[in-house]
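Note sheet for the following structure.
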Amino acid sequence: DSGVTQTPKHLITATGQRVTLRCSPRSGDLSVYWYQQSLDQGLQFLIQYYNGEERAKGNILERFSAQQFPDLHSELNLSSLELGDSALYFCASSEIHLPQHFGDGTRLSIL
Amino acid sequence: DQQVKQNSPSLSVQEGRISILNCDYTNSMFDYFLWYKKYPAEGPTFLISISSIKDKNEDGRFTVFLNKSAKHLSLHIVPSQPGDSAVYFCAASRVGGSGAGSYQLTFGKGTKLSVIP
């Protein structure tokens, strides 16, 4: 158990819809990272928050957004969903630097 | 443009023998490298890391070697055990000297290791 909690584990929705994925980092960790793993792809970095502020952005679509709340949990919002958004979404956390510790992911299926 | 490459999608090794997993990178700005292990339906689990100022790091049965001139790193598992069967991901980061890096990880696509009893 990494100590990083992601909910829900599975999410099934339709194209055009909006979903929110939630992540609770390990106790004491200030940084939260979001990654996307599509079929046949490695994990792709989406976005990082550090102590409530956005620190870095990767190849995150404009339809996606995230935030980190004062209690340090984070939410990833995905809107206007397309079939290609079907993927595993992982959250990771770290105290400040590396290594990052990963949750078990949310599997998003778009029908 | 894949900056971290794991060219072997799969590897089979007999129990007790050495497993060697390889990883190549193209971005010379990467200065910190990690290996993660992933079981099905679980998230990646951190195994071992190495900074670019070193060429070797050991932790129990796991050793990571870094060849900066070749932009190549490898993970050695000795002896291999059936419980080591998993997908192994190589990851790289640009930490930088100021510590102001974002520490985002760039991952390879993984190598599936099967350890045969």
Side-chain angles (χ1 to χ4, degrees), chain A residues 1-10 21 23-26 29-51 53-60 66 68 74 87-107, chain B residues 1-10 21 23-25 27 29-52 57 59 62 64 86-112:
Chain A
D1 181 10
S2 68
V4 178
T5 303
Q6 289 188 248
T7 56
K9 289 190 184 302
H10 302 278
L21 312 184
C23 171
S24 294
R26 294 188 318 162
D29 285 358
L30 299 177
S31 274
V32 170
Y33 305 75
W34 287 97
Y35 292 84
Q36 178 192 57
Q37 185 180 26
S38 303
L39 196 63
D40 295 332
Q41 294 292 321
L43 288 88
Q44 304 282 326
F45 170 71
L46 294 178
I47 196 165
Q48 178 206 0
Y49 278 82
Y50 175 78
N51 203 19
E53 295 189 1
E54 183 183 303
R55 173 65 76 93
K57 263 186 174 181
N59 295 324
I60 187 167
Q68 186 178 27
S74 178
L88 266 169
Y89 291 85
F90 287 102
C91 169
S93 73
S94 65
E95 187 176 350
I96 301 176
H97 304 306
L98 297 165
Q100 296 171 20
H101 300 273
F102 284 77
D104 287 340
T106 294
R107 181 173 293 280
Chain B
D1 175 29
Q2 206 178 343
Q3 298 185 64
V4 177
K5 297 180 183 179
Q6 295 177 255
N7 292 319
S8 298
S10 62
L21 296 100
C23 177
D24 298 295
Y25 62 97
N27 189 339
M29 300 301 290
F30 289 142
D31 56 10
Y32 200 86
F33 304 89
L34 306 89
W35 284 93
Y36 283 83
K37 176 172 73 173
K38 186 181 182 303
Y39 295 118
E42 293 183 10
T45 300
F46 169 70
L47 267 180
I48 192 169
S49 62
I50 188 167
S51 164
S52 60
N57 188 28
D59 185 0
F62 301 92
V64 56
V87 177
Y88 288 77
F89 290 98
C90 169
S93 184
R94 180 185 174 187
V95 173
S98 65
S102 77
Y103 310 105
Q104 66 192 67
L105 296 175
T106 301
F107 282 87
K109 292 188 177 182
T111 297
K112 184 176 182 179

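Each chain gets a letter, A, B and so on, in the order its sequence line appears, and its residues count up from 1.
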Any side-chain heavy-atom pair of A/Ser2 and B/Phe46 under 4.5 Å:
no
Count the heavy atoms belonging to other residues, nucleotides or ligands that lie under 6.0 Å from CZ of A/Arg26, then report whether that count exceeds 12.
yes
When rounded to the nearest 0.5 Å, the distance separating NZ of B/Lys38 from CG of A/Leu43 is 8.0 Å
In terms of heavy-atom pairs under 4.5 Å, which option from B/Val87, B/Leu105, B/Thr106, B/Val4 contacts chain A the most?
B/Leu105
Ranking A/Gly103, A/Ser94, A/Pro99 by heavy-atom pairs under 4.5 Å to chain B gives rank one to A/Pro99
Non-hydrogen atoms of chain B under 4.5 Å away: do they reach the side chain of A/Gln44, the backbone, both or neither?
neither
Can you confirm whether more than 12 heavy atoms, excluding those of B/Lys109, are under 6.0 Å from its NZ atom?
yes
Side chains of A/Leu98 and B/Ser49, heavy atoms from C-beta outward: is any pair under 4.5 Å?
no
Does some side-chain heavy atom of B/Tyr103 sit less than 4.5 Å from a side-chain heavy atom of A/Ser31?
no
Please determine whether the number of non-hydrogen atoms from other residues, nucleotides or ligands lying under 6.0 Å from atom CD of B/Gln2 exceeds 12.
yes
Indicate yes or no for a side-chain donor-acceptor contact from B/Tyr36 to the backbone of A/Gln100 under 3.5 Å, with no hydrogens or angles considered.
yes
Report which part of A/Tyr35 has an atom under 4.5 Å of a heavy atom belonging to chain B: side chain, backbone, both, or neither.
side chain
